[in-house]
There are 2 protein chains.
Amino acid sequence: MATTETLTAERILAATEEVLRRHGPAKATVVDVARALGVSHGTVYRHFRTKAALREAVTERWLDRTSQSLAGLVTEDRDAGARLRDWFTALFTAKRHKAGDDPQLFATYQVLIGENSAVVERHIADLTGQLAGIVGDGVRRGTFAPVDPAATARAVFDATGRFHDPHYAHEWEQPGIEGEFGAVVDLVLRGLRA
Amino acid sequence: MATTETLTAERILAATEEVLRRHGPAKATVVDVARALGVSHGTVYRHFRTKAALREAVTERWLDRTSQSLAGLVTEDRDAGARLRDWFTALFTAKRHKAGDDPQLFATYQVLIGENSAVVERHIADLTGQLAGIVGDGVRRGTFAPVDPAATARAVFDATGRFHDPHYAHEWEQPGIEGEFGAVVDLVLRGLRA
DNA sequence: CAGATGACAGATATTGAAATCTGTCATCTG
DNA sequence: CAGATGACAGATTTCAATATCTGTCATCTG
């Protein structure tokens with residue numbers, strides 16, 4: 001079980017995700033993680049002060065993978081409206097795949113997200129920060145009405161919640177959802193234009 | 001305990017709400033409801049086929065109280081934009097009071113809502129129906145862009161979810177929330193205007 | 001001696017036997 | 001005889017005992 005490799009935080013996090021996937025959030029123990037790594041559980045506690053800290057780090061890693069996949073769109077040199085639409089489409093698609101491809105793991109992360117509101121807040125700050133970048137661009141170029149980018153980014157993020165908040169994941173496979181997504185994005189974009 | 005009065009469905013529902021308030025959703029039993037009414041539990045089953053049906057009816061009653069309090073705004077003869085803003089403000093205020101004034105009971109109803117998705121769907125259909133009325137008026141009078149009232153009502157309802165979906169109730173007492181509500185409503189109204 | 005170990009105490013979770021609840025229905029009552 | 005009752009069977013919940021886990025730390029090892 002790779003006992004020769006150095007025990008890094010990343011290896012522990014990967015093992016923890018695997019244990020969470022196998023056992024679910026209720027039954028995944030630090031002892032399980034240690035066993036998966038071939039070390040004693042005391043060793044895991046050398047890298048993460050508590051089980052809660054370990055779960056928090058796994059949650060952060062999971063959310064950051066989504067943020068990073070979107071970051072590229074912010075700096076592209078294109079119409080802000082189109083970029084905003086693409087950004088939300090990418091976010092919706094990414095979340096929908098996370099939910100649909102491995103429902104087991106997604107349910108697990110929903111529990112972790114409920115436990116780690118501080119991490120979620122940071123994630124939302126990340127995402128609205130990216131949005132503010134696009135909105136600011138649009139305002140500067142005159143595509144969008146002159147608004148405060150940060151406050152407007154938050155409003156736009158809130159308005160699209162049904163298509164990225166995991167609370168609504170169970171609706172993401174319903175038939176009309178694409179159209180409803182489009183309707184909200186259209187409405188929001190009309191509201192932004194100069 | 002009012003053993004003389006006729007046993008109506010409404011009396012059973014009121015007693016059930018009281019039992020739910022006292023004991024919470026997990027411990028409220030049909031036997032408790034019967035005891036509160038001074039009848040045997042078999043008698044309760046004469047009016048409601050199952051415990052689930054009883055809880056569903058209580059949930060529907062609770063949601064309908066909100067719908068009815070808003071219905072008046074739909075038929076008023078005023079600017080559609082102003083009515084739409086007032087309607088959402090009234091909805092947000094009503095829900096915020098339900099959540100803030102009796103958190104115990106509100107938490108109980110959140111559980112009931114989770115159990116009764118069909119009732120919730122009907123409630124949402126009620127509310128978006130009211131919205132479609134206002135949107136349709138705005139379109140007819142040329143205040144709003146020419147859109148499909150039903151689809152747009154749904155988009156507008158989705159876009160404001162953070163301020164009426166009970167899932168977000170814990171955020172409704174936070175400091176900046178009024179401003180965030182206003183920002184989303186402003187954005188949506190700008191998106192609707194002709 | 002830096003890093004890993006595993007025994008340990010207190011906290012948390014599991015389990016299965018006992019208690020309670022749900023839903024039915026034969027019987028009762030006004 | 002319309003409507004209420006409460007005994008009952010099966011389902012669900014509670015509770016206390018038992019088992020497992022978390023987090024620490026004195027000890028070990030390369």
Side-chain angles (χ1 to χ4, degrees), chain A residues 1-60 104 107-108 110-112 114-116 118-119, chain B residues 1-60 107-108 111-112 114-116 118-119:
Chain A
M1 230 165 275
T3 33
T4 35
E5 285 176 52
T6 326
L7 189 65
T8 60
E10 171 56 29
R11 274 191 65 221
I12 294 175
L13 291 178
T16 304
E17 184 170 284
E18 184 54 28
V19 167
L20 281 164
R21 186 199 309 274
R22 285 196 133 82
H23 300 345
K27 292 196 200 160
T29 70
V30 176
V31 172
D32 290 331
V33 174
R35 188 169 25 239
L37 290 162
V39 299
S40 79
H41 76 279
T43 303
V44 174
Y45 279 99
R46 174 165 295 285
H47 290 82
F48 294 93
R49 216 154 42 288
T50 63
K51 184 188 185 182
L54 176 57
R55 288 165 79 110
E56 183 178 306
V58 173
T59 308
E60 190 158 39
Q104 179 84 55
T108 292
Q110 277 194 268
V111 173
L112 293 186
E115 286 170 4
N116 294 286
V119 172
Chain B
M1 231 163 275
T3 33
T4 36
E5 285 176 54
T6 326
L7 190 64
T8 60
E10 171 56 30
R11 274 190 66 220
I12 294 175
L13 292 178
T16 305
E17 184 170 284
E18 184 54 27
V19 167
L20 281 164
R21 187 201 308 276
R22 285 196 133 82
H23 301 343
K27 291 195 201 161
T29 71
V30 176
V31 172
D32 290 330
V33 173
R35 190 170 22 240
L37 289 162
V39 300
S40 79
H41 76 279
T43 302
V44 174
Y45 278 99
R46 174 165 293 283
H47 291 82
F48 294 93
R49 210 143 62 278
T50 62
K51 182 188 185 183
L54 177 57
R55 287 165 79 110
E56 183 179 306
V58 173
T59 309
E60 189 158 40
T108 292
V111 173
L112 292 186
E115 284 170 4
N116 294 286
V119 172

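Below, each value reflects all heavy atoms present in this structure, side chains not excepted, and no hydrogens, waters or symmetry copies.
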- prompt: Quick one: is A/R46 getting a side-chain N or O under 4.0 Å of the C/dA4 phosphate, OP1 or OP2?
  reply: yes
field: Whole-Å distance separating the NZ atom of B/K27 from the P atom of C/dA19
entry: 18 Å
message: Could you measure the distance from the CD atom of A/E56 to the NZ atom of A/K51? Nearest 0.5 Å is fine.
response: 14.5 Å
- prompt: Rounded to whole angstroms, how far apart are OH on B/Y45 and C1' on C/dT22?
  reply: 4 Å
task: Would you mind pulling out the nucleotide paired to D/dC21, Watson-Crick or G-U wobble, both distances under 3.5 Å?
output: C/dG10
message: If you only use heavy atoms from C-beta on, which nucleotide in C/dT5, D/dT22, C/dT22 is closest to the side chain of B/T29?
response: C/dT22
- prompt: NA contact type, A/T43, heavy-atom cut-off 4.0 Å: base, sugar-phosphate, or nothing?
  reply: base
- request: Identify which one of B/E17, B/E115, B/E60 satisfies the salt bridge (charged side-chain N to carboxylate O under 4.0 Å, His left out) criterion when paired with B/R55.
  value: B/E115
- prompt: How long is the line joining CZ of A/R35 and P of D/dT20, in whole Å?
  reply: 11 Å
message: Could you check whether any side-chain N or O of A/R21 sits under 3.5 Å from a backbone N or O of A/Q104, counting only pairs where one atom can act as donor and the other as acceptor?
response: no
task: Figure out the CZ/C1' separation between B/R55 and C/dG23, and round it to whole Å.
output: 16 Å
- request: Looking only at side-chain atoms of B/S40, point me to the closest of D/dT22, D/dT5, C/dC21.
  value: D/dT5
field: Between C/dA13 (P) and A/H23 (NE2): distance, integer Å
entry: 16 Å
message: Any side-chain to backbone donor/acceptor pair from A/D32 onto A/A28? Under 3.5 Å, distance only.
response: no
- prompt: Roughly how many Å is it from CG in A/L54 to P in D/dC21, rounded to a whole number?
  reply: 15 Å
- prompt: Nearest-Å distance, CZ (B/F48) to P (C/dT22)?
  reply: 15 Å
message: Using the side-chain heavy atoms of B/H47, tell me which of these nucleotides is nearest: D/dA4, D/dT14, C/dT22.
response: D/dA4
- prompt: In terms of the nearest nucleotide of DNA chain D, which residue is placed more toward the 5' end: B/L7 or B/H41?
  reply: B/L7
query: In Watson-Crick or G-U wobble terms, both distances under 3.5 Å, what is the partner of C/dT29?
result: D/dA2
- request: Kindly determine whether B/L20 and B/L112 satisfy side chain to side chain contact (heavy atoms under 4.5 Å, CB included), including the steps that lead there.
  value: CA-CA 10 Å; B/L20 281 164; B/L112 292 186; 3.8 Å; yes
